[in-house]
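A short write-up of the structure that comes next.
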Amino acid sequence: MTRDYSQFFPKSSPPKANAPSLSPLTALGWQSFFAQQTDVDELTQTPPVRVAEVHRNALHVRGDGVDDVIPPVDDATVGDWLMLDRDHPKSSRVLDRKSLIKRRAPGTDRREQLIAANVDTAFVVTSCNQDFKVARLERYVALAFEAQITPVIILTKTDLAPDHQHYVDAARAISDHITIVALDATGDAPRSQLAAWCKPGATVAFLGSSGVGKSTLTNALLGAETLATQSIREDDAKGRHTTTRRQLFAIPNGCLVLDTPGMRELQLTDAASGIRDVFSDMDDLSGQCRFKDCKHETEPGCAVLEAVESGHIDPSRLARWRKLMAEDAFNSASLSERRAKDKAFGKMVREITKQKSKRR
Ligand SMILES: Nc1nc2c(ncn2[C@@H]2O[C@H](COP(=O)(O)OP(=O)(O)OP(=O)(O)O)[C@@H](O)[C@H]2O)c(=O)[nH]1
Ligand SMILES: [Mg+2]
Ligand SMILES: [Zn+2]
């Protein structure tokens, strides 16, 4: 019997909304971008599967007729597509990613942490309460821009904040290239308000601090109370870190939704171009500074400082821009130093092993 491979090679245009039926792979987010990286021979040997969840020592993968837990594959994260080698799952090939969200791992460990792969839209969620911080939103938006993912800022809990317009205005001032959606995550509206991004075959991710309503929104899209949610602390509006794993869900219309645990800290790394995109106004101005390497601190002829003095740019925005650029430069340098050290250490181990085996 010859197998029908047509579903592995979808047309390049994304499936239409309300498509009558999606193939099992398209319903997991398989797109022509991935199909182009493989061929019928490889598909026959190793079926494509998507990482739906990462456990400490295992990956939960799903594909056409596949729903398995396999040992971890190096460097694979939630949302990745693997060509599943059933005999040696650890050697499964990770397909090139359409996008990758990563940060510097929290704590003193100089590592990068992969958060999610192959996301089309990043819903950056915050609430109309003390959680709302422009500096944090700018970080998330830079992260999305860097990964070439469409960022959408979602402001939840409008029902608890009748005066929420000033939150919308402050979010809008972050960048001209983002959409802001203000909503009550517990109501009926999220599904229709987010429909423009939650298309069949697309992957969307909810990112943000604990307690802002990421799981509440995932439940709203699922149309069921699948995920646990928990009330926030009343005094400071902080969440209780209810969600502990990143998990990918298929919602009824064929869109893939990633719920994530609230992040305590988002340290950027290798995000210089994302930061430039968020602060494109500052970046444009800095081209007019007298000195090419102007730090916009005390230099004469600094166009950025002039714009601050004339009231065109908020001085706190300049301070946040400087801080983010410095942090990104520091993290990127320290991570690449670590990578170099790891590489040198690996080489040393290989050489010692080689010498030992020669001596035998
Ligand atoms: N009134 C109201 N309550 C909301 C809204 N969004 C979320 N909540 C409530 O806020 C609390 C936290 O929501 P969750 O969905 O658990 O938040 P989360 O972002 O998933 O939090 P973590 O899993 O800890 O990262 C729950 O009690 C929700 O019912 C909203 O728009 N309006
Ligand atoms: Mg949650
Ligand atoms: Zn300058």
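Order of listing sets the numbers, starting from 1, for every ligand and every atom in it.
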Would you say Thr243 has any N or O atom under 3.5 Å from an N or O of ligand 1, going by distance alone? yes

So, for Ile313 and Met282, which heavy atoms are closest and what is the spacing to 0.1 Å? CD1-SD, 3.3 Å

Donor-acceptor check, side chain of Ser92 to backbone of Pro89, threshold 3.5 angstrom: yes or no? yes

Looking only at N/O atoms, are Val212 and ligand 1 under 3.5 Å apart anywhere? yes

Just by distance, with hydrogens left out, do Gln247 and Asp259 show a side-chain donor and acceptor under 3.5 Å apart? no

For His241, atoms of ligand 1 separated by under 4.0 Å from a heavy atom: 24 (O)

For ligand 1, indicate whether the residue Leu227 contacts it via side chain, backbone, both or neither (heavy-atom separation under 4.0 Å). neither

Before signing off on this row, confirm whether Gly211 and ligand 1 have an N or O atom pair separated by under 3.5 Å. yes

Ligand-residue contact atoms, ligand 1 with Gly262, heavy atoms, under 4.0 Å: 25 (O)

What's the shortest distance from atom 12 (C) of ligand 1 to any protein heavy atom, and which residue and atom give it? Gln230 O, 3.1 Å

In ligand 1, the atoms that come under 4.0 Å of a heavy atom of Thr229 are 14 (P), 15 (O), 16 (O)

Which protein non-hydrogen atom lies closest to atom 3 (N) of ligand 1, naming both residue and atom, and how far is it? Thr186 CG2, 3.6 Å

Presence of N, O or S from Thr242 under 2.8 Å of the Mg ion (ligand 2): no

Which atoms from ligand 1 have a heavy atom of Leu160 less than 4.0 Å away? 1 (N)

Note: Glu112-Arg103 ion pair, threshold 4.0 Å (strictly below): no

Could you walk me through whether Lys102 and Ile115 satisfy the side-chain contact (heavy atoms from CB on, under 4.5 Å) test, starting with their C-alpha distance in whole Å, then the side-chain angles of each, then the deciding distance to 0.1 Å, before giving a yes or no? CA-CA 5 Å; Lys102 61 177 187 177; Ile115 296 170; 5.6 Å; no

Could Glu138 and Arg320 be called an ion pair, given the rule that one side-chain N must be under 4.0 Å from one carboxylate O? yes

Could you see if Ile178 belongs to whatever hydrophobic cluster contains Leu268? Use Ile, Leu, Val, Met, Phe, Trp, Tyr and a side-chain cutoff under 4.5 Å. yes

Evaluate Lys214 for polar contact with ligand 1, using N/O atom pairs at a separation under 3.5 Å. yes

In ligand 1, which numbered atoms sit nearer than 4.0 Å to a non-hydrogen atom of Ser231? 27 (O)

A student checking ligand 1 against Ala185 at a 4.0 Å heavy-atom cut-off should list atoms 5 (C), 6 (N), 30 (C), 31 (O)

Give the atom numbers and elements of ligand 1 that come within less than 4.0 Å of a heavy atom of Asp184. 30 (C), 31 (O), 32 (N)

Does Asp235, at its CG atom, have more than 12 non-hydrogen atoms belonging to other residues, nucleotides or ligands within less than 6.0 Å? yes

Ser210 N/O under 3.5 Å from ligand 1 N/O: yes

Is a donor from one side chain sitting under 3.5 angstrom from an acceptor on the other, for Gln31 and Lys98? yes

Only one of Leu258, Thr218, Val124 forms a side-chain contact (heavy atoms from CB on, under 4.5 Å) with Phe206, so which one is it? Thr218

So Phe34 and Trp81, would you call those rings parallel, tilted or perpendicular, with 30° and 60° as cut-offs? tilted

May I ask whether Gly239 places a heavy atom under 4.0 Å from ligand 1? no

In degrees, rounded to 10 degrees, what angle do His296 atom ND1 and Cys302 atom SG make at the Zn ion (ligand 3)? 110°

Sub-3.5 Å N/O-N/O distance, Thr156 and ligand 1: no

When hydrophobic residues are tied together by side-chain contacts of less than 4.5 Å, even through go-betweens, does Ile251 share a cluster with Leu183? yes

Asp131/Lys238 salt bridge by N-O under 4.0 Å criterion: no

Looking at Asp159, Thr126, Thr216, the heavy atom closest to atom 13 (O) of ligand 1 belongs to Thr216

Regarding Glu265 and Arg104, does a basic nitrogen lie under 4.0 Å from an acidic carboxylate oxygen? no

Residue and atom name of the nearest protein heavy atom (relative to atom 17 (O) of ligand 1), distance in Å to one decimal: Gly213 N, 3.1 Å

Under 2.8 Å from the Mg ion (ligand 2), is there any N, O or S atom belonging to Ser215? yes

Is ligand 1 under 4.0 Å from a heavy atom in the side chain of Lys157, in the backbone, in both, or in neither? both

